[in-house]
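Presented below is the structure to which this report refers.
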Amino acid sequence: MAAVKKELIGMLNKALELEHAARIQYLCHAELIKGLNAEKIIDRLTEIASDEEKHEKKFRNLIGNYLDGEPSMGMAPTHRASEVPEILKINRKGEKEAIDFYKEIYQKVVDAKKDLPYEFETLEHEIRHVILDEEEHVAELTVLLGD
Ligand SMILES: [Fe+2]
Ligand SMILES: [Fe+2]
């Protein structure tokens, strides 16, 4: 196996672990939100969590079916928060960190195009689309934060 494929499996597994953590964190934070405007925020957080679940599936598929690797069952660290602004801020920070890391993976894929003759377009497309979703999550959390 080309060295770059091994490297990509490692990076995508780290991304998969970030997605596991993000989904659990959004769902747990959603349970803590109470009060007059709770429902809209809860709906938004659970909707984002379901996007993260779709990202997990994409990453597992890329790792297992396109790169012949083994998808991780692990999870990156999660972060506790209690008040709504803190919850929104901590998740927005996580989204931005994920975007920064996914852009590194994207660049690695672009640089390795010639070593990925039957995988490049799928990897490029899927990772790019996950980045678009994460940018949408940042925008949605920013609307709720109103900053
Ligand atoms: Fe995600
Ligand atoms: Fe996200």
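Read the numbers this way: they start at 1 and go in the same order the structure lists the ligands and their atoms.
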Original post:
Hey, which of H79, E86, H29 is the one that makes side-chain hydrogen bond (donor to acceptor under 3.5 Å, both in side chains) with N91?
Top reply: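 Option passing the side-chain hydrogen bond (donor to acceptor under 3.5 Å, both in side chains) with N91: H29.
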**OP:** Give every protein N, O or S atom lying under 2.8 Å from the Fe ion (ligand 2), naming each by residue and atom.
**Re:**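 Listed by chain and number: E52 OE2, E95 OE1, E95 OE2, E134 OE1, H137 ND1.
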Original post:
Could you give all pairs that pass the ring pair (Phe, Tyr, Trp, His ring centres under 6.0 Å) test and reach residues 115-147, with sequence neighbours left out?
Top reply: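 Listed once each, the pairs are H125-H129.
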**OP:** Any salt bridge (charged side-chain N to carboxylate O under 4.0 Å, His left out) involving residues 28-41? Give me the pairs, sequence neighbours left out, ordered by first then second residue.
**Re:**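 Residue pairs passing salt bridge (charged side-chain N to carboxylate O under 4.0 Å, His left out), neighbours aside: none found.
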**OP:** Would you list the pairs meeting salt bridge (charged side-chain N to carboxylate O under 4.0 Å, His left out) in which at least one residue belongs to residues 136-147, sequence neighbours left out?
**Re:**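 Every pair satisfying salt bridge (charged side-chain N to carboxylate O under 4.0 Å, His left out) with a residue in residues 136-147: R44-E140, R92-D147.
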**OP:** Identify the two heavy atoms, one from Y66 and one from E119, that lie closest to each other, and give their separation to 0.1 Å.
**Re:**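 Looks like O-CG, 3.3 Å.
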Original post:
Is a salt bridge present between K103 and E134, judged by a nitrogen-to-oxygen distance below 4.0 Å?
Top reply: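 No, this pair does not count.
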